[in-house]
Amino acid sequence: MNSKEIQQNVQVLLDNFTEEEFIYDFLIAYGTSKSVTTRLKKGDFNLSKVDGEVLYKKKIFFKVEETSKLLSSIDTISKDERILKHKPRFAILTDYDQLVAKDLRLGTTRDIKLKELVNHFDFFLPLAGSEVYNSSNDNQADRDAAYKMALLYDYLREENPDIYKSKESIHNLNIFLSRLLFCFFAEDTEIFEEESIFTDTLAQHTNGNGSDTHDFLNDLFKRLNTKKADGFPAYLQKFPYVNGGLFNDTISSPHFSAKARKILIELGELQWKDINPDIFGSMIQAVVIDEYRSDLGMHYTSVPNILKLIKPLFLDELYEEFEKYENNVSQLRKLINRISKIKFFDPACGSGNFLIITYKEIRVLEIKILKQIIDLTPNPQLEFTQIRLSQFYGIEIDDFAHEMAILALWLAEHQMNRIFEEQLFDYGKSEPILPLKQAGQIQQGNATRVDWKEVCPSRSNDEIYIVGNPPYYGSRKQNEEQKDDLKLIFKTNYKSLDYISAWFYKGANYINGFNAKCAFVSTNSICQGLLVSITWNRILTEKIEIDFAHQSFKWTNNAKGNAGVTVIIVGLRNSSSKPKHLFTGNLKKEVKNINPYLVEASNIVVTKREKTLSKFPEMNFGNMPADGGNLLFTQEEKNEFLNKEPNAEKWIKPIISAHEFLNGNNRYCLWLEDIKEDEYSKLPLVKERVDNNYNVRIKSSRPQLAEVPHLFAQITQPRNKSFILIPRHSSENRDYIPIGFFDSSYKAGDSNLIIATEEPWLFAVITSRIHMVWVDAVGGKLETRYRYSAKLCYNTFPFPEISEKQKETLNQYVFDVLDERANFPEKTMAWLYNPDTMPKGLKQAHKNLDEAVEKCYRLQEFKNDTERLEYLFKLYEEMVKKDTLFAKEKKRKTTKSKK
């Protein structure tokens, strides 16, 4: 049951309100079964023997109270041992006009009108087990603990300067910090029977200057690893045996100063029962990485984001199975048995976020199934959880994160055991957490080099799901070891791959032929541009296909300073006739196929073309100077040069680089094409610049260019012809790449691409929204900026043949766009195409142009960019087939004619 459903239930309760049924309807609204409320009414489950009171163990205490006593009584009840020994979460008093409630765990209170209860429904969400998650990092307990741990860590480094001198000492420190965290959590959550036992004992039995704190901790850790308490001081004998490997190795605790000891005690005074293991592990990991210190709250993956991956991968199907057999006890038992055997594997698990959320979600589902079984069973029996941490596998390269993952799984298990017992009342019983069992199968190592099937063995009858958020580094950001990792896996053509491609490749090989699926969060760059062909041709085969995908979205959480990386989620499976699902924002669409660009289309991959698919004019790079600056002028340099040599004016032309075009600066060049010797000899300053250019080129890697020192190294611009100019790189924030239309008096620099043409309609096509959608998908990015490529964006763009009349129509829309730009002569292209400053008239002109271009494809309007891209891929596939057939036929005819 989600929060929206609970809110609706509360509204129904108010709409059908009766005093006699209020508290029972209230409990049902939050997920308590009708069989339980029936037994509450009968008195079987009501632990209060006082008339008018309802006391439901670990849930609520309820009483009708006089108006004048509501506030005073709630305070009395919160201290009444008769009530508190049954640990109700909430005390609720009402006169059926006003309602006063107190969260007895957190100490928070609500005083509201009963008719306004629906506006405060979220206050009571713990009754439905909603405390399983806190998807925000603004949980004060997490943040306080992280900052205190960071301070302690700094003091320990100061007191122990050799702490980082060897891998062994670093490893020991990681284990030490994990043990401290466990002790803090254990004394606040009833793992240790006596509350605050760790902090109080430490404070009472160590010196204030910290000199013997390490000895105390060494002795305590030894006690926690020893079954019998004999031989230990009396103050340590009251601690339990823990084991589980956490305290198994003998390590020497670091020395403490007075300041470090003080922080240690202050840490123990925090509310560790409110810590979220799924968030906290990552935050504490940031403690030991200096560059992460600026914001300890940002280093975790939020619950809603993780759910975007695990729900379509396996959770939705399990819930569908639950709903299908909700009235069949035998089938529900089979479902629990199935869940208890599933293996969950994260081969880049970090501090355990994905595994922990998966564990919690599976435990929540189990609770719901068992509640239903109890409701359907006349004489319910005691239920135990069938889910074990041994079902959870992981690989993590970082030693500290590896230790955090193990610890966090233990903490999550304990939290879920408490919720299990609370939710199932007298029918749910958890096994004691102590002594600790193995916390999953988490191994330290490099996942690109480890055999995944040795970490998580796969057999023919297994059901396995691989999850995670592996590291993504573009080729320029990889260190030498990471490059070697890719070389080891791919052997050839690996240098341009993103690092995360290794996980997709190994994941696809792992699941091949087994009852297994995998899904990873990834940078969206692997589904764009050149990376598509070199990545997905190795992964998608006749046997492996994309199961589901989330198109690009911001991977954000509530952390201050969170950058919000743009990512995708891609799930892989063995080829199947089962439905596939494509997610765009909050929309879910069933599709026939998902291609590597994450759209509904066949698995065709767009590759570079030497000639245009749509019979457009050729696109070239702009002119390349390669002149060491000798042929180029700023405005000031040009003015100064012409003052000294005015006869050179006819040979100086405006040159447009991408920077000048976008930002409105003027730049000029010596353009000496067709200069005659007698003219050249009369221009000594021009000759001086040309001679300097000769010296630059003769010493360069291409000395042959010194043969024409007066010319640009590469001249691509046809004479006496207008041209369309496209910057090779442009901001991803723009809705359109700014494109220019220039006459032949201008020269284009090589930071642009140019199309020599006198036909404006082509400008309309290149600047249109539908072309931008194609560029975004197939063109790739430079960092996050658009990277326009002639061979990949322009030559591959599918555009239908159009009539002269259609071309004339497009021409008019081009002139409208150019006219709107001309209304702002003082503004730069960057300003005109900034979404925040783009003039309304220009926006409308582009919108009109977009519609005109799209009518060249079809009369029916496109609903969104996804539909545009799907259409383009289908057209591309048709045109490529036609082009291929034409080429084969031409070759056949040529061969035949030769014979």
Side-chain angles (χ1 to χ4, degrees), residues 305 307-313 316 466-470 472 474 497-498 500-501 503-505 507-508 517-541 544-555 565-573 575-576 578-607 732 769-770 772-781 784 786-787 792-793 796-798 862-877:
N305 284 338
L307 290 175
K308 284 183 178 180
L309 186 149
I310 66 174
K311 281 171 64 66
L313 183 64
D316 286 343
I466 305 175
V467 301
N469 185 6
Y472 21 95
L497 288 169
D498 193 289
I500 198 174
S501 60
W503 273 260
F504 278 103
Y505 183 75
K517 293 182 180 181
C518 74
F520 296 122
V521 181
S522 171
T523 171
N524 62 351
S525 64
I526 69 165
C527 289
Q528 298 172 338
L530 290 172
L531 281 181
V532 174
S533 60
I534 62 175
T535 301
W536 291 101
N537 285 341
R538 291 161 146 152
I539 296 168
L540 300 182
T541 64
I544 299 296
E545 63 185 4
I546 295 177
D547 178 26
F548 72 93
H550 281 269
Q551 294 174 332
S552 296
F553 66 98
K554 291 288 187 181
W555 188 260
V565 180
T566 299
V567 300
I568 53 176
I569 297 174
V570 182
L572 302 178
R573 72 182 188 191
S575 296
S576 164
K578 291 182 179 180
K580 302 172 184 177
H581 294 100
L582 193 57
F583 295 83
T584 305
N586 294 322
L587 299 177
K588 177 182 177 181
K589 180 183 178 184
E590 185 174 317
V591 296
K592 291 182 179 179
N593 189 63
I594 302 171
N595 77 3
Y597 299 94
L598 306 189
V599 297
E600 184 181 10
S602 65
N603 284 345
I604 193 166
V605 172
V606 178
T607 57
E732 76 282 6
R769 176 68 188 167
I770 198 166
M772 283 294 298
V773 169
W774 184 256
V775 172
D776 189 46
V778 308
K781 302 287 178 70
T784 58
Y786 291 116
R787 175 160 50 188
L792 200 54
C793 298
T796 63
F797 183 58
F862 291 103
K863 295 176 182 177
N864 50 45
D865 287 346
T866 299
E867 194 173 281
R868 289 182 178 92
L869 193 56
E870 289 171 357
Y871 187 94
L872 288 174
F873 272 114
K874 289 175 184 176
L875 181 59
Y876 173 82
E877 188 172 13

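This structure is a prediction, so every number in the text was calculated from the model and none was measured.
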Is the closest side-chain heavy-atom distance between [X] and [Y] below 4.5 Å?
X      : Y      : result
Leu582 : Ile546 : no
Lys308 : Phe553 : yes
Ser602 : Asn595 : no
Trp536 : Ile526 : yes

If only atom types and distance count, is the side chain of [X] paired as donor or acceptor with the main-chain N or O of [Y] below 3.5 Å?
X      : Y      : value
Trp503 : Asn469 : no
Tyr597 : Val606 : yes
Asp498 : Ser501 : no
Asn593 : Ala601 : yes
Glu870 : Val599 : no

When rounded to the nearest 0.5 angstrom, what is the spacing between [atom1] in [X] and [atom2] in [Y]?
X      : Y      : atom1 : atom2 : answer
Leu313 : Ile466 : CG    : CD1   : 9.0 Å
Ile770 : Tyr871 : CD1   : OH    : 8.0 Å
Thr566 : Lys554 : OG1   : NZ    : 3.0 Å
Ile534 : Leu497 : CD1   : CG    : 4.5 Å
Asn864 : Thr584 : CG    : OG1   : 7.0 Å
Ile568 : Ser525 : CD1   : OG    : 8.0 Å

Taking all atoms of both residues into account, what is the closest heavy-atom pair of [X] and [Y], and its distance?
X      : Y      : result
Leu309 : Ala519 : CD1-O, 3.5 Å
Leu540 : Pro596 : CD1-CG, 3.8 Å
Asn537 : Ser533 : ND2-O, 3.0 Å
Ser552 : Asn524 : OG-ND2, 3.1 Å
Ala508 : Leu572 : CB-CD1, 4.1 Å
Val521 : Tyr472 : O-CE2, 3.9 Å

For the residue pair Phe583 and His581, categorise the inter-ring angle as parallel (less than 30°), tilted (30 to 60°) or perpendicular (more than 60°).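 It falls in the tilted class, 30° to 60°.
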
Indicate the ring-plane relationship of Tyr876 and Trp774, choosing parallel, tilted or perpendicular according to the 30° and 60° boundaries.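 Tyr876 and Trp774: tilted rings.
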
Before you tell me yes or no, could you show the steps for Phe797 and Val775 under side-chain contact (heavy atoms from CB on, under 4.5 Å), namely the whole-Å CA-CA distance, both residues' side-chain angles and the distance that decides it to 0.1 Å? CA-CA 9 Å; Phe797 183 58; Val775 172; over 6 Å; no

Determine, stepwise, if the pair Glu545 / Arg573 fulfils side-chain contact (heavy atoms from CB on, under 4.5 Å). CA-CA 6 Å; Glu545 63 185 4; Arg573 72 182 188 191; 2.8 Å; yes

